[in-house]
Amino acid sequence: MDGLPLLSIVLFLPLAGAVIALFVPGDQPGKSRRLALLVSTVTFLVSLLLWFGFATGTAAFQWEERVAWLPEYGIGYHLGIDGISILLVLLTTLMLPLVILSVSTTITTRVKEFSVMVLLMETAILGTLMSLDLFLFYIFFELMLVPMYMLVGIWGGERRLYAAMKFFLFTMAGGVVMLVGIIGLYLLKGSFDYVEILKAISAPGGALSIEMQLWLFAAFALAFAIKVPLFPFHAWLPDAYAEAPTGATVIMSAVMVKVGTYGFLRFCIPLFPTAAHDAVWTVSILATVGIVYGALIAAMQRDMKRVVAYSSISHISFVMLGLFAMTTESLQGSVLQMLNHGISTGALFLLVGFLHERTRTRMISDLGGIAKVMPVFAGVFTLVMFSSAGLPFTNGFVGEFLILTGTFKNAADGLQPFAIIGASGVVLSAVYLLWMYQRAMQGPVNPAFSSPDDEASNVAGGRTGLVLDDLTARELIVLLPLTALIIWIGVYPRPFLDRTAASVEAISARMAVPQSGVLASGTGARVP
Amino acid sequence: MLEQLWLVPVFPLLGAVANLAFGRQIGRTMVSLIAIGSVALSFLLGVNAVLSFMSLSAPHGFQLRLFDWISWGAGSNAVHVADIGLLLDPLSSVMVLVVAGIGLLIHMYSVGYMAEEPGYARYFVYLNLFTFSMLVLVLANNFLLMFVGWELVGLCSYLLIGFWFTRPSAAAAGKKAFITNRVGDFGVLIALFLIWVNWGTFDFFGGPGGAATGVFDDPGRVLATQGVAFAIPMLLILGVTGKSAQIPLFVWLPDAMEGPTPVSALIHAATMVTGGVYLVARAHLLYDQSPDALLTLATIGALTAFVAATVAVVQTDIKRVLAYSTVSQLGFMVLALGSGAYAAAVFHLMTHAFFKALMFLGAGSVIHGLHEQQDLRRMGGLRRYMPVTTWTFVVGWLAIIGAPGLSGFFSKDLILARTFARGLIDPVYLGLYGLALLTVGITAFYMSRMVFLAFFGDFRGGVDDHGHAVIPHESPVSMLVPLVVLAIGSVIAGWIGVPSFLTGGTSPVSAIEVFLAPAVAATGVWEGTLEHLTEIVLTGMSVMVALAGASLAGLLYLSGAVNPVALAMVFSPFTRLFEARWYLDDFYRVAIVSNVARIASFLASFDLAVIGGSVTVVVRTVRGAGSVLRASQAGYVRGYAVTMLAGAFLVLAASWAFR
């Protein structure tokens, strides 16, 4: 296995699939759908080799591939994964086939184009997670925009064009600023190679000046903050999530936004440690506000999808809080919570989509008593809901608890208040989730709906209105891996935490360097 | 046999999983067999483990570490946040027997009670899952795993209160219970942060395979840090007021009666709500260090006992009387904890589990026999129709009001005596003792009122709301057997706590206190015992007060010598206060819920208008200016692909140009 460029294979399999899909005749939607499913499933299976072959106990990059591309500019094709990226790579390769399988009844127009876009999206996301060259990273980072713009703009809801445009402009703006930052960094260090730059910065006297750090940090942070999104950069999110077709919402919320949190951890914090440390309070304030703000607004939404959209702002803010608390516990929690957020938010959006498919409404007030009509659906919904609310023995608890404990532990930066306010998010998430559940799933069955069993039993009136079937086998297959992970990570998170530990500790050790030392050496490396 | 301790919680879990997977296919008999069988096995193994443990000399109890939970790294880099491990000591022994034992009886009872239910399998899945969770809570060997059980019992409570979820009131009550508990859990969470920061472990005790020094091996560590020794117990108290339904968070428990009655008996009377009492007893070494926290706890307990008892006086729903009674009795336990009399609290927890479960199941039998009638005003004279239910209920009644010789008599008197003794050191406790003594009288009054209204006099419920004649009938044997067993327990469970002045023993304390001492003996807070004469006087006083309360109820509701309505008119300011539940629910609605909702809805419009709006302006401008863009939006995918390729070429071209 050592000889194989495993990362390149995983990275370009979906792209190859997309190219092949282009040649499938447009009038054979089933064929292109099956092709996409096959390709993404194979990609996932190959990526399992990364999971099982991953060496714990080392922070070094694994399966590194380095090919000179534009050596004149220090641009290389440089891939590698470590504990920071392994979980997200697997999350991506897992979610994509599930998404493709989940949409087979909802995406019925331009299936071929849809398949191409989704596969393209997979390569783009994986590229950002594997790239160890900033130029390469940037290309993949911007490449994500195109398929997502089209997924929202073509297959979205009524206001899809508005939402797509909003999403595009917002993230594009961030990306351009980051490009300036990347070029700036290149001018300072003469390379686009992440590992080279990191080495140069860590060398004695190699650190960037504090002013330079702050500018570059700001440039990178803006792009990532929009992606995450960190309050108040979330303006694109509610519309994009709500208007996008379910499949695209899942890709965005479960996977794409993780590139933002990943970017903070991969680039902003290690490359600009002093600036990152100076930003601790700013980010902690914004993250804490995001936790409470997202939760409170989620409670007020009338559309289930928007409840989940705002809740995802609240939950991703936990990740940001943990990243900038920079203790081992909080970083471990954040890296794990990126995965958890993908699983739980992804599953919630899938469930809302499945329900919408049947009821043709997402308005909470138009539902009611669904648990009576669709008991299996309700059971899965309950599990996912409590995972999102951070119930112990589900994945959400492990991540959020580590984040909050680790944040509380950072007394040196005075972060205890943030941990305490953040913990109130645990109460609030129960409020909006259970309230939504009460109104949509419990209470008397809305007469607009009935269960297929109603005719047989002697329910007054028999079937009325829409007959809602419970989850189908296909839908259960989509949800099964996610629910299994919810419990697995909740009960035995060790395989996940072990894989991330060494890389996380390397970062927390780096950040524990006395800040004054960095400053002193940093001033010597001022730009000529 | 102690190595098999892990099977004690695991059996009910397996039962839940089996019935979840196959419950709808295998039929009700199999569902019941699996559900009851798993708890029976759990109980038998529990008894066996406790017996093995008692023959063992282990100072801190027996620890069984199962596997790593939240941990990572290897060797010197290893971080152990928490493991999955169990601890059996005198305290958890009592809890395991109560949980599995009462749980078993209530599983059996449920077979008859839920026989007509469409959601039969679902019910037993929840009930088994609850038993598992509660056993995790009481057997955990570290704070974090205990918190797992703590939250999971809350989940099961939510699921079971909302079991009839198509009823809006049941759905609302489930949500209220969970969220109110979460408010309490918020405090527990912060306490956990403090524990982690100060001890670097959540383990109760150190030992091979775990932390070298557990929290309780070195409880004094936090004394050095200003405020922390006070903060941790206070934060845990917030959790206690949620889980164990104390002021200010007790409001969820009366509503929890929306659940099926056996659930009220098991979860909302006998076991789950005692979780907070267990937590303090478990963490008593932290409380011993903070007299202020103890006093807070005692005050909360005494006030809750009193307030809830007054509300119980004016309830007309049989289950609500019992619910407020439960809140009140939990208040007695919390008062005991606050007096440093942890063993007394656990003792009362145990006796209460018997007689309150008995009375809830008895109420269930009444409701069952009256076709879902819960209103005391529509009952009366049931002793003629339901003899077994009546006479077992009477045993429960006598136990709770403290009739000499029955279990409640011993445990309640122990609490009163220990609170009084503490008052000799700190006079504030004498006031709390007085309040508790008054509550004993009120308890006897409202309990007697309920018994007289339901079982004595003439039957007043001849016709139901739909105009059908109601003829009360006795419940099936499967429901009566648990009643009889619990009635026996309600009599004899107190005998392990007979005060030494009656037995003539040499120990100054009772047998249950001796048994529990290794786990919960207070350190340095409460020393010495009362003179035997003082104890006798105190006991005499509480019996007299209870007798007075019961006699008053007899005058009002049995002999009819005094008209209760007229009496209520005389005391109308009070009865109005009691009927409004001391306005606590209203306070929350007006002061908290509506204000939070107002803020949230302001933020929602803010987000829409300001944050969303700012972007809308930009988008509109761009869209208005760029008709090219507008055209491209409606274009074909091919068009986008071309644009994309063009962009890529542009980037490459630029890179060549800058060469």
Side-chain angles (χ1 to χ4, degrees), chain A residues 57 70 72-73 110 113 116 139 146 150 153-154 161-162 164-166 169-170 232 234-236 238-239 293 296-297 299-301 328-329 332 369 371-372 386 391-393 398 402 404-405 408-409 411 419-420 423-424 426-427 430-431 434-435 438 442-445 492-494 497-498 501 505, chain B residues 67-74 77 79 81 122 144 147-148 151-152 155 158-159 162 165-168 170-172 174-175 178-179 182-183 185-186 189-190 192-194 196-197 596-597 599-601 603-604 607 611-612 614-616 618-619 622-623 629 633 637 640 644 648 651 655 658-659:
Chain A
L70 297 168
E72 308 82 358
Y73 304 110
R110 301 201 202 178
E113 285 86 350
V116 171
I139 290 177
V146 182
M150 284 186 264
I154 297 176
L161 294 178
Y162 169 74
M165 176 64 87
K166 203 164 156 181
L169 285 178
F170 234 56
H234 63 274
W236 62 270
D239 284 324
Y293 181 88
L296 286 175
I297 296 181
M300 287 294 124
Q301 298 305 306
T328 310
E329 293 93 332
Q332 279 283 63
K372 184 84 185 166
F386 278 106
L391 190 82
F393 276 178
V398 181
L402 284 173
L404 291 173
T405 313
F408 192 87
K409 199 179 173 185
I420 292 171
S424 75
V426 173
V427 182
V431 172
L434 294 192
W435 194 35
Q438 182 195 350
Q442 302 182 317
V445 180
Y492 194 63
R494 175 136 206 175
L497 294 170
D498 269 345
E505 261 151 29
Chain B
F67 61 90
D68 293 337
W69 177 31
I70 303 181
S71 60
W72 60 78
N77 289 327
V79 177
V81 178
R122 183 166 60 96
L144 206 59
F147 186 66
V148 171
E151 288 265 296
L152 287 183
L155 167 73
Y158 166 80
L159 294 171
F165 57 80
T166 49
R167 273 200 330 230
K175 180 193 68 181
F178 193 83
I179 291 171
R182 270 265 157 133
V183 173
D185 298 348
F186 170 76
L189 258 184
I190 313 285
L192 291 177
F193 300 162
L194 281 167
W196 179 249
V197 169
V596 171
I599 293 168
S601 99
L603 287 178
D607 196 68
I611 297 207
S614 63
V615 191
T616 311
V618 177
V619 174
V622 173
R623 279 180 69 184
L629 269 173
Q633 281 158 33
V637 174
Y640 294 104
M644 210 181 81
V651 172
S655 72
F658 281 103
R659 194 170 196 164

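All values below were derived from every heavy atom in this structure, side-chain atoms included, with hydrogens, water molecules and symmetry-related copies excluded. The structure displayed is predicted, hence computed values, not measured ones. Every chain is numbered from 1, with letters handed out A, B, ... down the list of sequences.
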Sub-4.5 Å side-chain heavy-atom contact between [X] and [Y]:
X	Y	value
A/Leu497	B/Ser71	no
A/Arg494	B/Phe67	no
B/Val81	A/Leu402	yes

Inter-residue atom distance [X].[atom1] - [Y].[atom2], 0.5 Å rounding:
X	Y	atom1	atom2	value
B/Leu189	A/Ile420	CG	CD1	11.0 Å
B/Leu144	A/Thr405	CG	OG1	7.5 Å
A/Glu505	B/Trp72	CD	CH2	7.5 Å
B/Leu192	A/Phe408	CG	CZ	10.5 Å

Taking the inter-plane angle between the rings of A/Phe386 and B/Tyr158 on a 0 to 90° scale, is it parallel (under 30°), tilted (30 to 60°) or perpendicular (over 60°)?
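A/Phe386 and B/Tyr158: perpendicular rings.
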Between [X] and [Y], which heavy-atom pair has the shortest distance, and what is it?
X	Y	value
B/Leu152	A/Phe393	CD1-CD1, 3.9 Å
A/Asp498	B/Gly73	OD1-N, 2.8 Å
A/Pro232	B/Ile611	CB-CD1, 3.9 Å

Using a cut-off of under 4.5 Å on heavy-atom pairs, state which of A/Gly57, A/Ala164, A/Ala423, A/Ala501 scores highest against chain B.
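Heavy-atom pair counts peak at A/Ala423.
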Choice from A/Val398, A/Leu434, A/Asp239 maximising heavy atom contacts with chain B below 4.5 Å
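Of the options given, most contacts go to A/Leu434.
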Contacting moiety of B/Ala597, where chain A heavy atoms sit under 4.5 Å
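Interface part for B/Ala597: both.
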Side chain, backbone, both or neither of B/Trp69 within contact of chain A (heavy atoms, under 4.5 Å)
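It is both, since atoms from each part get that close.
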Per-residue contact mode, A/Ala430 against chain B (heavy atom under 4.5 angstrom)
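Contact with chain B involves both backbone and side-chain atoms of A/Ala430.
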Could you pull out all residues at least two apart from A/Tyr293 that satisfy side-chain hydrogen bond (donor to acceptor under 3.5 Å, both in side chains)?
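With neighbours one apart ignored, the set is B/Asp607.
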I'd like to know which of B/Asp185, B/Leu155, B/Val183 tops the heavy-atom pair count under 4.5 Å against chain A.
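It is B/Leu155.
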